[in-house]
Structures are given as C-alpha cells and as structure tokens.
There are 2 protein chains.
Amino acid sequence: MPVTLRPAQALKLMQEVFFDLVRETRPDFASDFTLRQMTILLTIYLDPPPHTVRGLAKKLNVTKPVITRALDTLGKYELVTRRRDDADLRNVIIQRTVKGALYVETLGDMVSKSASRLGP
Amino acid sequence: MPVTLRPAQALKLMQEVFFDLVRETRPDFASDFTLRQMTILLTIYLDPPPHTVRGLAKKLNVTKPVITRALDTLGKYELVTRRRDDADLRNVIIQRTVKGALYVETLGDMVSKSASRLGP
DNA sequence: TAGAAATAATACGGCTCCGAAACGAACGGA
DNA sequence: TCCGTTCGTTTCGGAGCCGTATTATTTCTA
C-alpha cells in the first residue's frame with residue numbers, strides 16, 4: 001500500500017518534524033545535528049551493514065573527512081561505534097549502539113505521530 | 001483523510017528526504033541550511049503572517065539573535081525579505097519572496113515524491 | 001620484496017554558528 | 001517631557017564544520 005502525501009501535507013509534516021527537533025531539549029536527545037550527520041545516522045541504521053567510512057562517503061557524495069568527523073560527533077553521543085575490520089585492517093566498520101537504536105526509534109515515532117495528526 | 005505512516009516508513013522517508021537534500025548541489029537550492037534555518041523558513045511560508053523576529057523567536061523557543069542571523073542567511077539567498085512595520089517602527093515584518101515560495105514548493109514536491117515511492 | 005595503491009585519520013586555514021551581553025531606536029505611560 | 005520598556009541588531013569569545021592537503025598504516029602487485 002503506497003503512501004499518499006500531497007505536497008502541502010508533506011511540507012506541514014516537515015515543518016512539524018523540524019519544529020519538534022528544534023524545540024527538543026532532552027539531554028539524551030541531541031537535536032542540533034547537521035543535515036549530513038542526520039543522514040549518516042539514518043543510513044547506518046536503515047541500510048544493511050557493513051558500513052565503512054569510504055562506503056558512506058561514496059553513497060552520500062561527500063569527502064571522507066566529513067564522515068570521519070560526523071562519526072566523531074555521533075560517537076561522542078554514543079549513537080555509533082567504530083571497530084577495525086579484522087579481514088582488512090585498513091577498513092573501519094561502523095556499528096550501531098543501543099542508544100543509537102533508541103534515538104532512531106524515537107525519531108520514527110515522532111514523525112509517525114506528526115503524520116497521523118495531519119489535516120486534509 | 002488522516003495520513004497513516006508507520007514508524008519504519010517514517011524513518012525511510014526522513015532518510016530519503018535528508019539524503020536528497022545532502023546530495024542536492026543546484027546553486028539555487030541551498031541544502032546546507034541548519035535545522036533551525038529550515039524550520040524558520042517553513043514557518044514563514046506555512047504559518048499565517050505577519051511574522052516578526054520576536055514572534056518567531058518565541059514560537060521556536062530560541063533567542064532573537066538566532067532569528068536575526070537566520071534571516072540574514074535566508075535573505076542572502078533571497079528566500080525572505082525584511083521590511084519595517086509602518087505602524088510600529090520597532091517591529092520588522094518578514095516577507096515571503098518568489099524565490100522562497102519556489103524553494104518551499106520544490107521541497108514539498110520532493111517529500112511528496114519520496115512518500116509515494118515508499119514500500120509497505 | 002620493493003614500490004604503488006588504498007584506507008582512515010589528522011592538520012590547517014577559513015567560515016558560520018552559538019549564547020550572553022550590550023546597544024540604539026522607538027514606543028508609551030505617568 | 002521623561003524614563004522605563006520593547007524591539008531588533010550588533011559585538012564578543014568560543015565552538016563546530018568545511019574542503020584541501022598531508023600522514024600513518026595496511027594491502028596489493030609487478
């Protein structure tokens with residue numbers, strides 16, 4: 001069953017979601033992430049693993065330092081972890097965390113609830 | 001007709017939208033806005049006018065300099081304009097622009113299309 | 001086995017944002 | 001009229017992100 005969302009509804013949904021993120025001040029729910037950081041986080045949790053710095057950089061069309069720095073920031077909040085690849089020690093495997101899974105789940109609920117409140 | 005969007009679908013939608021914004025490189029479509037800037041832009045175009053610096057600051061729960069700086073940035077891209085209020089010269093009325101309306105419309109179409117491609 | 005290639009991280013200079021405080025202009029009540 | 005209040009802006013020091021270039025490590029290949 002495809003989801004139908006008219007442009008006007010889509011905009012209202014975006015506004016509500018962004019609005020909630022901006023107003024959110026819970027210490028455990030950092031909301032001042034960059035669009036890039038947000039995208040990297042969602043990609044790690046929604047796309048099938050394994051995820052590497054190089055793979056993410058290519059997928060998002062950004063340079064590798066952008067990924068490294070974003071992982072530093074996300075890691076500071078314990079939303080992702082890094083581990084060296086035993087098979088190829090040059091690689092770094094990005095791993096999910098319990099906190100990160102909870103964060104993403106909360107975000108999904110937030111968006112879902114906003115959608116359910118949408119008018120015609 | 002209320003919109004039903006399960007949390008998993010909502011997350012996928014967010015990922016796609018953020019992803020498109022991050023990858024977008026059109027010179028006329030600045031995609032490196034802050035979550036705050038994005039929210040301010042959408043509020044100006046979706047909520048009924050008039051909009052003032054003070055009003056936006058209160059609504060978004062941020063300080064006034066945040067609004068002033070965001071308007072500077074959005075204004076640089078010609079997405080909003082400022083005009084002094086003739087009735088009370090202390091006030092500044094924030095106005096929409098053709099470019100801004102087009103930007104918001106494009107964003108709405110982008111989100112709507114992403115939603116229509118969502119799986120079950 | 002020695003040199004080229006690939007990977008992630010770091011260094012650097014520049015830019016933008018932040019919050020708090022201070023500021024100038026305009027209003028309004030006593 | 002005068003002085004407190006309101007409104008938007010600016011200033012200040014601090015922090016974070018950016019892209020480019022460079023580095024250290026590991027792997028591949030001739």
Side-chain angles (χ1 to χ4, degrees), chain A residues 18 21-27 29-41 43-44 49-95, chain B residues 18 21-27 29-41 43-44 49-95:
Chain A
F18 289 167
L21 285 174
V22 166
R23 292 206 53 147
E24 190 56 65
T25 54
R26 267 177 291 172
F29 198 82
S31 60
D32 55 348
F33 288 144
T34 307
L35 225 48
R36 284 176 167 186
Q37 292 168 339
M38 214 48 125
T39 309
I40 291 168
L41 182 65
T43 298
I44 292 169
H51 297 288
T52 64
V53 173
R54 170 170 167 69
L56 288 174
K58 186 164 196 174
K59 190 177 289 188
L60 299 188
N61 203 29
V62 297
T63 60
K64 286 189 292 182
V66 166
I67 304 294
T68 296
R69 284 186 296 247
L71 294 179
D72 288 344
T73 301
L74 294 174
K76 208 160 52 184
Y77 289 96
E78 299 177 53
L79 301 182
V80 299
T81 317
R82 276 179 277 200
R83 172 176 64 77
R84 289 225 90 90
D85 182 1
D86 289 332
D88 185 339
L89 291 178
R90 289 173 304 180
N91 290 336
V92 160
I93 306 291
I94 293 118
Q95 294 183 297
Chain B
F18 289 167
L21 285 174
V22 165
R23 293 206 53 146
E24 188 57 63
T25 54
R26 267 177 291 172
F29 198 82
S31 58
D32 56 349
F33 287 145
T34 307
L35 224 48
R36 284 177 167 185
Q37 292 168 340
M38 213 50 124
T39 309
I40 291 168
L41 181 67
T43 299
I44 292 169
H51 297 288
T52 64
V53 172
R54 172 172 165 67
L56 289 173
K58 186 164 197 176
K59 190 177 290 188
L60 300 187
N61 204 28
V62 297
T63 60
K64 286 190 294 179
V66 167
I67 304 294
T68 295
R69 285 186 296 247
L71 294 179
D72 288 344
T73 300
L74 295 173
K76 209 161 51 183
Y77 288 96
E78 299 176 52
L79 302 182
V80 300
T81 316
R82 275 179 278 200
R83 172 175 65 75
R84 291 224 89 91
D85 182 0
D86 289 331
D88 185 340
L89 291 178
R90 289 174 304 178
N91 290 336
V92 160
I93 306 291
I94 293 117
Q95 294 182 298

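Since this is a predicted model, take the numbers as computed values, not measurements. In what follows, every chain begins at residue 1, and chains take the letters A, B, ... in the order their sequences are listed.
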Item to check | Nucleic acid contacts of residues 51-59 of chain B, taken as heavy-atom distances under 4.0 Å to DNA chain D | outcome: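 When residues 51-59 of chain B is checked for heavy atoms under 4.0 Å from DNA chain D, the hits, listed by number, are B:T52, B:V53, B:R54.
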_Donor-acceptor pair, side chain of B:R84 and main chain of B:R90, under 3.5 angstrom_ =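 Present.
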Could you pull out the closest heavy-atom pair between [X] and [Y], with the gap in Å?
X	Y	value
A:P50	A:I93	CB-CD1, 4.3 Å
B:T68	B:R82	O-NH1, 3.8 Å
B:L56	B:H51	CD2-ND1, 4.1 Å

Atom CG of B:D72 and atom P of D:dT9 are separated, to the nearest Å, by 7 Å
5'-most contact on DNA chain D (nearest-nucleotide basis), B:R84 vs A:T34, goes to B:R84
For A:A70 and B:L71, find the nucleotide of DNA chain D closest to each by heavy atoms; which residue's nucleotide sits nearer the 5' end?
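Result: B:L71.
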Its contact letters, B for base, S for sugar-phosphate only and - for none at protein heavy atoms under 4.0 Å, make nucleotides 20-30 of chain D read BB----BS---
Indicate the ring-plane relationship of A:F33 and A:Y77, choosing parallel, tilted or perpendicular according to the 30° and 60° boundaries.
->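 If you compare the ring of A:F33 with that of A:Y77, the planes turn out perpendicular.
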Does [X] place a side-chain N or O at less than 4.0 Å from the phosphate oxygens OP1/OP2 of [N]?
X	N	answer
A:R82	C:dA9	yes
B:T68	D:dT9	yes
A:Q37	D:dG16	no

> So do B:L71 and B:I44 actually touch side chain to side chain, heavy atoms under 4.5 Å?
Replying inline: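 A side-chain contact under 4.5 Å exists here.
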